[in-house]
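Chain letters run A, B, ... following the sequence lines, proteins first, then strands; residues in each count from 1.
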Number of protein chains: 2
Amino acid sequence: MIDEQTARERVVTAADRLFYARGVQAVGMDAVRGESGVSLKRIYALFPSKEELIVAVLRHRTDRWNAGITDAVGGAGTPRERLLAVFDFLADWFREDDFRGCAFINVFGELGGGSDRIAGAVREQKESFGREVAGLVRAAGGPDHLAPQLVLLAEGAQTTAAISRDPDMAGHARAAADTLIRCALDDVGEPATTA
Amino acid sequence: MIDEQTARERVVTAADRLFYARGVQAVGMDAVRGESGVSLKRIYALFPSKEELIVAVLRHRTDRWNAGITDAVGGAGTPRERLLAVFDFLADWFREDDFRGCAFINVFGELGGGSDRIAGAVREQKESFGREVAGLVRAAGGPDHLAPQLVLLAEGAQTTAAISRDPDMAGHARAAADTLIRCALDDVGEPATTA
DNA sequence: AGAGCGAGAGAACGACCGTTCTCCGCAGCG
DNA sequence: CGCTGCGGAGAACGGTCGTTCTCTCGCTCT
């Protein structure tokens with residue numbers, strides 16, 4: 001028999017793949033069994049309910065996302081380039097064949113209204129991404145209000161790229177981010193505060 | 001017996017309310033019957049399948065959205081204000097008690113991968129919004145690339161406001177939009193094109 | 001008034017869901 | 001070699017779904 005850790009990982013990655021491709025409710029536990037090769041009995045020993053499995057999948061995806069962002073950002077030089085690297089990371093992702101939007105947004109739309117635990121797991125990921133961007137903005141010497149603006153661009157790019165099937169959305173988001181960063185850091189085009 | 005047009009409208013608005021609040025798959029046709037007061041037999045005479053009803057709901061919501069945008073934009077003066085009015089419209093919406101994000105994005109995440117007709121209806125709405133914004137940008141004398149950037153902000157604000165439950169996201173989006181518009185129209189902070 | 005048609009209420013149907021249970025084979029141990 | 005206990009396969013269970021069917025009632029037309 002396989003290791004508990006291995007079984008857990010197989011179930012989570014299989015469920016992740018299926019949930020992301022077809023939506024959560026469209027995937028039965030039996031399909032998870034088939035994809036993972038782990039018996040139903042074992043799955044229920046590892047995850048007491050489907051909801052628990054969904055939460056585990058979301059946490060797993062949060063880890064992968066964070067690692068991907070860290071990796072993408074780490075390859076860039078200046079703080080400003082590090083911020084823009086986030087959008088290059090999105091561009092690569094959007095071009096993947098099985099790209100179907102942000103899994104967290106998808107799950108939230110499907111089940112966020114019905115399950116607080118799932119809504120919480122989604123919220124956690126979005127907050128951690130917000131903190132990450134805020135840290136990059138601070139490192140670049142940008143004002144606090146810049147971070148949520150860049151986050152909105154990234155989120156919008158994800159949903160719009162999924163729906164329109166146009167990976168160039170990452171480019172539009174990157175261009176907008178570049179403008180916002182430039183205006184915030186170089187102090188041009190700011191609203192006049194005295195009129 | 002009630003008019004066919006009336007019955008249609010009652011079913012669509014009832015289904016819209018339920019689908020938006022709970023997600024599409026979590027709402028049975030029997031719940032639509034209860035909420036609309038129209039018998040199941042009649043519902044199936046008007047809409048041959050649930051999928052068809054979903055498409056009708058999406059189209060209905062597209063019409064309402066377009067009317068809302070037209071209304072919000074119409075109250076503004078200069079072309080630049082008309083663009084920003086879109087974000088004020090979002091701000092009002094985000095503050096509504098039953099706000100649960102963009103219904104189109106939610107439905108797309110839930111069923112977009114499984115039904116081309118539904119994905120198409122969602123795509124249609126997003127494209128019509130994109131055209132609307134592009135028209136406003138042109139009227140304001142802005143460059144073509146500005147419109148998709150503003151659209152990304154609006155989309156990102158909708159999902160982020162829903163997940164974080166923070167209606168201020170509209171304000172962040174508006175501020176970012178203001179900066180982007182200013183940079184595009186007043187030609188400040190643009191990337192140097194000759195270097 | 002009586003026949004006939006249309007529509008509503010809700011039961012019925014087949015499929016599938018999440019979850020649990022049963023049965024069987026197989027490993028380890030005396 | 002026989003017993004025991006664990007794990008896998010998949011049947012079973014109760015519930016719900018989308019969809020259809022039946023039954024009954026009330027209206028209309030002669």
Side-chain angles (χ1 to χ4, degrees), chain A residues 1-12 14-58 106-107 109-118 121, chain B residues 1-12 14-58 106-107 109-118 121:
Chain A
M1 205 207 26
I2 59 173
D3 191 70
E4 168 173 334
Q5 199 62 24
T6 313
R8 235 192 162 74
E9 189 185 307
R10 281 197 200 169
V11 171
V12 167
D16 186 20
R17 196 163 36 240
L18 294 173
F19 290 167
Y20 182 61
R22 307 187 208 160
V24 175
Q25 309 213 70
V27 174
M29 293 298 274
D30 206 59
V32 175
R33 179 182 80 130
E35 183 88 357
S36 67
V38 176
S39 78
L40 227 33
K41 201 174 174 181
R42 194 99 192 275
I43 294 178
Y44 274 95
L46 296 169
F47 307 95
S49 70
K50 190 182 188 183
E51 186 185 30
E52 215 69 29
L53 174 59
I54 298 167
V55 170
V57 165
L58 292 176
N106 291 351
V107 171
E110 188 174 350
L111 303 168
S115 162
D116 287 339
R117 307 221 27 211
I118 292 172
Chain B
M1 204 208 27
I2 58 174
D3 189 71
E4 168 173 333
Q5 197 63 23
T6 312
R8 234 190 162 75
E9 189 185 306
R10 281 196 199 169
V11 171
V12 167
D16 187 21
R17 197 161 37 238
L18 294 173
F19 290 167
Y20 183 61
R22 306 187 209 161
V24 174
Q25 310 212 69
V27 174
M29 294 297 275
D30 205 60
V32 175
R33 178 183 80 131
E35 182 88 358
S36 67
V38 177
S39 78
L40 269 180
K41 199 172 173 181
R42 194 100 193 274
I43 294 177
Y44 274 95
L46 295 169
F47 307 95
S49 70
K50 190 182 187 183
E51 186 185 28
E52 216 69 30
L53 173 58
I54 297 167
V55 170
V57 165
L58 292 177
N106 291 349
V107 170
E110 189 174 350
L111 302 167
S115 162
D116 287 340
R117 306 223 24 213
I118 292 172

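Set against D/dT19, D/dG8, C/dT19, the side chain of A/Ser39 has D/dG8 as its closest nucleotide. Nearest nucleotide to the A/Lys41 side chain, out of D/dG8, D/dT20, D/dG18: D/dG8.
Salt-bridge annotation for B/Arg117 and B/Glu51: absent, with no side-chain N of the basic residue lying under 4.0 Å from a carboxylate O of the acidic one.
The CZ-P distance, from B/Arg22 to D/dC17, rounds to 10 Å in whole Å. One interatomic measurement links the two molecules: CG of B/Leu111 to P of D/dC17, which rounds to 15 Å at whole-angstrom precision. Here the P atom of nucleotide D/dA9 and the CZ atom of A/Arg42 are 11 Å apart, to the nearest Å. Straight-line distance from the CG atom of A/Leu40 to the C1' atom of D/dC13: 14 Å, rounded to whole Å. When the P atom of D/dA11 is taken as reference, atom OH of A/Tyr44 falls 17 Å away, rounded to whole Å. Rounded to an integer number of Å, the gap from B/Ile43 CD1 to D/dT20 P is 13 Å. The CZ-C1' distance, from A/Phe19 to C/dC17, rounds to 13 Å in whole Å. Distance CG (B/Leu53) to C1' (D/dC17): 15 Å, rounded to an integer number of Å.
With rounding to the nearest 0.5 angstrom, the CG atom of B/Asn106 is 11.0 Å from the CG atom of A/Leu111. Distance check, rounded to the nearest 0.5 Å: CZ of A/Arg8 to CG of A/Asp3 gives 11.5 Å.
Dense packing is recorded around CD of B/Glu52, with more than 12 heavy atoms of other residues, nucleotides or ligands lying under 6.0 Å away.
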Listing, residues 20-28 of chain B side-chain donor-acceptor contacts under 3.5 Å, not counting sequence neighbours, or none:
{"from": "B/Tyr20", "atom 1": "OH", "to": "B/Arg100", "atom 2": "N", "distance (Å)": "2.5"}
{"from": "B/Tyr20", "atom 1": "OH", "to": "B/Gly101", "atom 2": "N", "distance (Å)": "3.2"}
{"from": "B/Tyr20", "atom 1": "OH", "to": "B/Gly101", "atom 2": "O", "distance (Å)": "2.7"}

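Of all the residues in residues 27-37 of chain A, A/Arg33 reach under 4.0 Å from DNA chain D with at least one non-hydrogen atom.
Contact between B/Ile43 and B/Met29 at its shortest, heavy atoms only, is CG2-CE, 3.8 Å.
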